[in-house]
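All remarks here apply to the structure that follows.
Note that this is a predicted model, so its numbers are computed, not measured. In what follows, chains carry the letters A, B, and so on, assigned in the order in which the sequence lines appear, proteins first and then strands, with residues in each chain numbered from 1.
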There are 2 protein chains.
Amino acid sequence: MASIKDVAAQAGVSVATVSRVLNSHPSVSPDARARVLAAVDALGYRPNAVARSLRTDQTRTLGLVISDVLNPYFTALARSVEEEARALGYSVIIGNADERPEQQDHHVRTLLDRRIDGLLVSPADGESPLLLDVARTGTPMVFVDRWIPGVDIPVVRADGHRAIQDLVAHLHALGHRRLAIIAGPAATTTGNERVEAFGEAMRAHGLALPDAYIGQGDFQADSGRRATEHFLSLPEPPEIVFAADNLMALGALDAIRARGLRVPEDIGIAAFDDIPWFVHTGPPITAIAQPTGDLGRAAVRALVDIVEGRPPQSVTLPATLVVRSSCGERTSTPGSNE
Amino acid sequence: MASIKDVAAQAGVSVATVSRVLNSHPSVSPDARARVLAAVDALGYRPNAVARSLRTDQTRTLGLVISDVLNPYFTALARSVEEEARALGYSVIIGNADERPEQQDHHVRTLLDRRIDGLLVSPADGESPLLLDVARTGTPMVFVDRWIPGVDIPVVRADGHRAIQDLVAHLHALGHRRLAIIAGPAATTTGNERVEAFGEAMRAHGLALPDAYIGQGDFQADSGRRATEHFLSLPEPPEIVFAADNLMALGALDAIRARGLRVPEDIGIAAFDDIPWFVHTGPPITAIAQPTGDLGRAAVRALVDIVEGRPPQSVTLPATLVVRSSCGERTSTPGSNE
DNA sequence: ATCATCCGTGTAATCGATTCCACGGCTCGT
DNA sequence: ACGAGCCGTGGAATCGATTACACGGATGAT
């Protein structure tokens, strides 16, 4: 592959001049510029980003470590992140943690070895010593969706409190009293937050959230399945299962179907995270929608702010309830069909 | 960030010795090795991958350009690609083309600028001059899922012929005669192949595939919606709509639901690509499943073979029909329920 | 006419690694 | 005891870019 030296030779100038033309430095004569451009064209020259990065100590690359590529929520996030980054002149390298802390750390390390300019991460656990360390060394970093408490790093996320209140109100109005939740890993902030908000909202309606109605999940479908099976085997199973993410809702649906039960007649389902498929499940699933696109864009902007030396901003955007039919409807006027 | 010089100074040796220790070169005394290792530890030193790549002319990184991150088929593919690559000591940079050739080219170019060791592509179009050029310059490259005909590049893909025959046989046995297909872009190999196989299989059953029953799609949900609306407005609408990918099937479902029609009673649906959600749609969707994991792994192995100077192998794996209930069942014995 | 300034350009240092080559000290064979 | 060969080590070149500095020629001010 042609290097800057080849271009210089072909154009009859020094490498310095070639570099100046490429970086649109003002002091280059029109004549020299034209000859360089011609040479670049003739040789199909493209600057070696590796060499450039070594010299300038910047890669114009952002790292994004997401918890799970198979989760539509995170791919939607990844897409908006990449889009905004591209618009700002950055590339994005995505690392998939598969909800495993050690795989997350692996990615963080390789990303750092590649000297990315900044890191966007949605921590798989709330404790990663590596991440803490990275934060301390001053690598530009922003948390998205999940975060590690007590570290001074901007966080871009959706706040589900209000939407969860709306959900509980909706369920209560539908006549449901026994509400269960499948929680995310205790080590994640979103995992805890959603359980707390749910419990709080229930208390506001005079309902209790017994421990038996709190299932431990890990944001993966399988755990949703197991938690739901457990709920269904209870002497008094819940009327509604609320999954703290979309994959666990999928698992819950599996478990319910495996038992031959119907949704919402026998048991209702709701989920955190809205995804296109929820419109088409049988029945369509009531969900809490996050403004994924805005989240991704805000996260990139915050990170680039840090990278380029501007003060960054934490951002919290509201999530919203999307009512569908998976928890039943109009039970107060029974018999009304259509 | 500490560099190799700092380590050398701290350990009281030269940078050459540090480098030897790091690359486990045999001729280093146990004493020197210990001192270097201690210094590495004390300083938290990590080699600069950028500098190393510049010198060795290899990045141990593979580029993967996929057509659409929001398509579960491709994220499943991306996941297995990353996994296998990691196992072989490579990282993967994913570029999302969003089915747009110019965005695909953008990613190919930046990937090349970063001097990735090899490129895995599922071309968004069948013509990209850039891709042809890259192939000609000898950059290690493998096509996955889709390919560009007439270029001497290994292809790793699933063959749907047999599964499509099975599907048509299944539909025929169910009594369906008017079968329509929503095709992918004519510029993609998979797009064409699926239509041809479908037409062929129909002919084998003495059925015709009229032009009006061939909808033009682009592998995105919206196009599936539009094509289906068109089908439904025909004087004699089809009994079955077969979508050439999962997103267009989603769109088809949308369109059908919007008209207030039922699946499969009023019209049936089938799709190429099987994804976890198809189990839970209303009704569960009959689909053709690709061995995504095997595809991704085989693609990485073929690419790494080229990179490391071994002869690569094209791989074709069979897709298989997964029958569910979206096309109806047992219509020959009406009334049978359960 | 003279000197300061500025402009376009080239030379060379530099980024952080790897690796060839040379060198000094040992071991071993004869 | 002496030379050959090996081993551990360091010096320095190198990868492909950017950029500080120097330099010669032209311009402009006085």
* Structure fact -> Heavy-atom closest pair (Ala85(B) atom, Val92(B) atom, distance to 0.1 Å) is CB-CG2, 3.4 Å
* Asked: When the distance from CD of Gln58(A) to P of dT19(D) is rounded to whole Å, what number comes out?
  -> 9 Å
* Asked: Do you see a donor-acceptor pair shorter than 3.5 Å between the side chains of Glu102(A) and His107(A)?
  -> no
* Given Asp145(A) and Arg157(A), is the salt bridge (charged side-chain N to carboxylate O under 4.0 Å, His left out) satisfied, shown in steps? -> CA-CA 4 Å; Asp145(A) 184 56; Arg157(A) 66 187 192 99; over 6 Å; no
* Along DNA chain C (nearest heavy atom to each residue), the more 5'-positioned of Pro26(A) and Val50(B) -> Pro26(A)
* **Protein proximity profile, nucleotides 17-25 of chain C - base contact B, sugar-phosphate-only contact S, no contact -, cut-off 4.0 Å on heavy atoms** => BBBB-----
N/O contacts under 3.5 Å, protein versus nucleotides 25-28 of chain D?
none

* Asked: Is the backbone N or O of Asp68(B) less than 3.5 Å from a side-chain atom of Asp98(B), with the two atoms forming a donor-acceptor pair by type?
  -> no
* Asked: Is a side-chain donor-acceptor pair under 3.5 Å present for Arg114(A) with Thr61(B)?
  -> yes
* Does Ser27(B) have a side-chain nitrogen or oxygen under 4.0 Å from the phosphate oxygens OP1 or OP2 of dT9(D)? -> no
* May I ask you to check whether Asp245(A) and Gln220(A) show a side-chain donor-acceptor distance below 3.5 Å? => no
* Is it true that the side chains of Asp105(A) and Ser128(A) contain a donor and an acceptor less than 3.5 Å apart? -> yes
* Are side-chain heavy atoms of Val65(B) and Ser122(B) found at a separation under 4.5 Å? -> no
